[in-house]
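First comes the structure, then the notes that go with it.
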Number of protein chains: 2
Amino acid sequence: MSNNRQPATIYQVAAQAGVSIATVSRALNGSDTVAESTRKRVLIAVKELKFRPSRLGQSLAEGRHAANGIVFPDLSGPYYAEVVLGYEEVAAELGSSVLILSTHGRPDPAGKVMDLARRVDGMVVISRTVADTVIAQVTEIGIPVVLLARPAVGSCDTLNADNVDSAHDLVGHLVEHGYERFGFLGDPAGSPDVHARYEAFRAALRAAGRRSPRAPLRCDFDVESGRRAAARALRRPARPEVLVCGNDETALGALEAAKELDLSVPEDVVITGWDDVMAARYAGLTTVRQPMRELGATAARWLQERIAGNAGPVRRETLATQLIVRSSCGVHDHKT
Amino acid sequence: MSNNRQPATIYQVAAQAGVSIATVSRALNGSDTVAESTRKRVLIAVKELKFRPSRLGQSLAEGRHAANGIVFPDLSGPYYAEVVLGYEEVAAELGSSVLILSTHGRPDPAGKVMDLARRVDGMVVISRTVADTVIAQVTEIGIPVVLLARPAVGSCDTLNADNVDSAHDLVGHLVEHGYERFGFLGDPAGSPDVHARYEAFRAALRAAGRRSPRAPLRCDFDVESGRRAAARALRRPARPEVLVCGNDETALGALEAAKELDLSVPEDVVITGWDDVMAARYAGLTTVRQPMRELGATAARWLQERIAGNAGPVRRETLATQLIVRSSCGVHDHKT
DNA sequence: ACATATGACGTAAGCGCTTACATGGTCTGG
DNA sequence: CCAGACCATGTAAGCGCTTACGTCATATGT
């Protein structure tokens, strides 16, 4: 009946139903012993007043946010978007809201992360979005942190996609083709994943008895940056036969550079990526597929367990990846 | 000195600094008149105890969450991811945390949205993720809502990307090529944008004096769905010369279907998309570019204003889009 | 019929902050 | 030398819930 502008509180419901607020709370939260007739009266009052319990009041009383956060560099590429989606799906199932925080190109990521820490019961941190010290500070507050695609810090659970096996598969495949001169495109210092990929790539090359590659051709993660770096490399007198790129965006840029220089792929130069984003398929890019959703989903589950108080041993796992061979690394009988 | 497990409260800081909690609050929130010496003492205590004010306590007292939400169908395609990113960036600048909610394929989206409404000061709802009645319920609670890529509801601010002008441009371009038999791929009932695109497409065709297309070839938004629907259409005896697709994913599927049927694009069949996702570029797809980030950013600003209490007139705006001509719609002199 | 167990509900103490108002001390001017 | 003004700070009342504990009436057993 009453149509106030402000949302109703539990007190108004209690008054309307002629009971105490404790009873309202009990009636609403199912549990406890409430007479059926009373519960009905309460529910009617709730409906009439359009009452919805304030999350703040609840959280404060319960001592938990029922929310957790995820920190990522960016959402532009399909990679993080998929991870976030996998994460959000599981978190939602588990009854937690999800707060997001993107750090790339933003001022004061550390401060933002500390801020986030005050609003959540736990959080997932992807890649090297913030310094180790920040992670430490967050866990010190008592907020569980799960690390994703990032080297371990302290005693946080850490989840990664495999870079080593796939690098070996990739190099093995390329070596079968008979290539000799390899180059690596991407900045190992820019992301833990790229770093791991570069190291694994070198190791695999060594294991295959190939010459060590030059220093990596450093560039950012975007297409344009990859294009420029690749163009530089491909103009050199002794240009590499193969350009292994740290991620797909970079590789797509390299494909463009090759085209501009009238080099055909894979005849004149072979190019491979990493991640298997959607565009990779249309560009015919040989790459490594990551279980992106699975990464997010697993992180969400681990986090939930820590929040629930699971004090088990620290988890460090690596999810398997898959080499996807397309046309950019040489001619095959495959289609697609 | 003291190293407790639980995070410190304002009481402990007050005790340690020898002042009342009111003074601590004042010292921390800058404003009020606090003697410099006192402030210093407080800050020292804060540092020693590693105090961080509880967001819950603050929010409850302030009566605001300092957070807002964004509801979208999915994060798989680049489209929503970009919108969300644009949104998050501005929201962060404005000091709000961002809660996300993805609805596609999830149980009880309406309930989830109502839940979200209890945790935020306002929210953005993209596309037809929930029914109009749910939007109405949310606004009734007093939570401002900004609608994105969705028909207006009640007196919510509503932001859209243009579909009409771009449809005219697109059809105009295709008509110049001399094509006659047009088909539309996508489900107008599936999304407000696709609906608007279909209608505008038909209108443009009529305006150009072309035959009306058949009923749309209904399919979902993903590549696979587009492939199947396109395959069906392209096998018909009088197959369309042009397949205008409601979004890029669908169009990419159509490209695949054409390939499988050994039809070459654009010679045998012309295919166009909508959105200009990254893969579109590599697939040579003619499409319509949307200002995705700008959509998100603008929505965030509008929302903030409403939350701040701006009671101005309802806003309804349409952002301009741009026709991107590539190879899939015919041969041009262009590159890329 | 009486002590006791049981069920249904109310009371009140938090949860951790912000802020209106009250208090007391120090200055200022006449 | 004192009233009034002004600072710096304390007091306490919320904000909207949950929940341990207390209370009262009715049902149970002998």
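Remember, it's a predicted structure, so these values are computed and weren't measured experimentally. Only this structure's heavy atoms are used, side chains among them; waters, hydrogens and symmetry mates stay out.
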- [ ] For A/Ser54, answer base if it contacts any base atom (sugar-phosphate contacts may also be present), sugar-phosphate if it contacts only those atoms, and nothing otherwise; contact means non-hydrogen atoms under 4.0 Å.
- [x] sugar-phosphate
Open item on the list: For the residue pair B/Tyr79 / B/Asp74, report whether a side-chain donor-acceptor contact shorter than 3.5 Å exists.
Closed with: no
Restricting to nitrogen or oxygen on both sides, can you table the protein-nucleotides 18-23 of chain C pairs closer than 3.5 Å?
unit_1 : atom_1 : unit_2  : atom_2 : d
C/dT18 : OP1    : B/Asn29 : ND2    : 3.0
C/dT18 : OP1    : B/Gln58 : NE2    : 3.3
C/dT18 : OP2    : B/Ser25 : OG     : 2.4

TODO: Using a 4.0 Å heavy-atom cut-off across all strands, classify A/Ser59 as base, sugar-phosphate, or nothing.
DONE: nothing
- [ ] Report yes or no: does A/Arg306 contribute a side-chain atom to a donor-acceptor pair with the main-chain N or O of A/Gly312 at less than 3.5 Å?
- [x] yes
- [ ] To the nearest Å, give me how far apart CG (A/Asp121) and P (C/dC15) are.
- [x] 18 Å
Open item on the list: Looking only at the side chains, is there a donor atom on one of A/Ser96 and A/Asn68 sitting less than 3.5 Å from an acceptor on the other?
Closed with: yes
Task: Between C/dC17 (C1') and A/Arg119 (CZ): distance, integer Å - done: 14 Å
Task: Rounded interatomic separation in angstrom, taking CG from A/Leu60 and P from D/dT19 - done: 12 Å
Open item on the list: Please report the distance, rounded to the nearest Å, between CZ in A/Arg64 and P in D/dT19.
Closed with: 10 Å
Scan the side chains in residues 122-137 of chain A for donor-acceptor partners under 3.5 Å anywhere in the protein, sequence neighbours excluded, and list what turns up.
unit_1   : atom_1 : unit_2   : atom_2 : d
A/Thr129 : OG1    : A/Ile126 : O      : 3.1
A/Asp132 : OD1    : A/Arg150 : NH1    : 2.9

- [ ] Return the value, rounded to whole Å, for the distance between atom CZ of A/Arg41 and atom C1' of C/dA8.
- [x] 11 Å
Open item on the list: Using a strict threshold of under 4.0 Å (side-chain N to carboxylate O), is an ion pair present between A/Arg41 and A/Glu36?
Closed with: no
Task: Under 3.5 Å side-chain donor-acceptor pair for B/Ser191 and B/Asp193 - done: no
TODO: Starting at atom CG of A/Leu28, determine the distance to atom P of D/dG16, rounded to an integer number of angstrom.
DONE: 16 Å
Open item on the list: So does B/His65 get a backbone contact from the side chain of B/Asp121, meaning a donor-acceptor N/O pair under 3.5 Å?
Closed with: yes
Protein N or O to nucleotides 4-7 of chain D N or O, pairs below 3.5 Å:
none

- [ ] Look at the side chain of A/Arg106 and the backbone N and O of A/Ser102, then say whether any donor-acceptor pair between them is shorter than 3.5 Å.
- [x] yes
Open item on the list: If you assign each of B/Arg52 and A/Ala35 to its closest nucleotide in DNA chain C, which residue comes earlier from the 5' end?
Closed with: A/Ala35
Task: Ionic contact status for B/Arg293 with B/Glu88, cut-off 4.0 Å - done: no
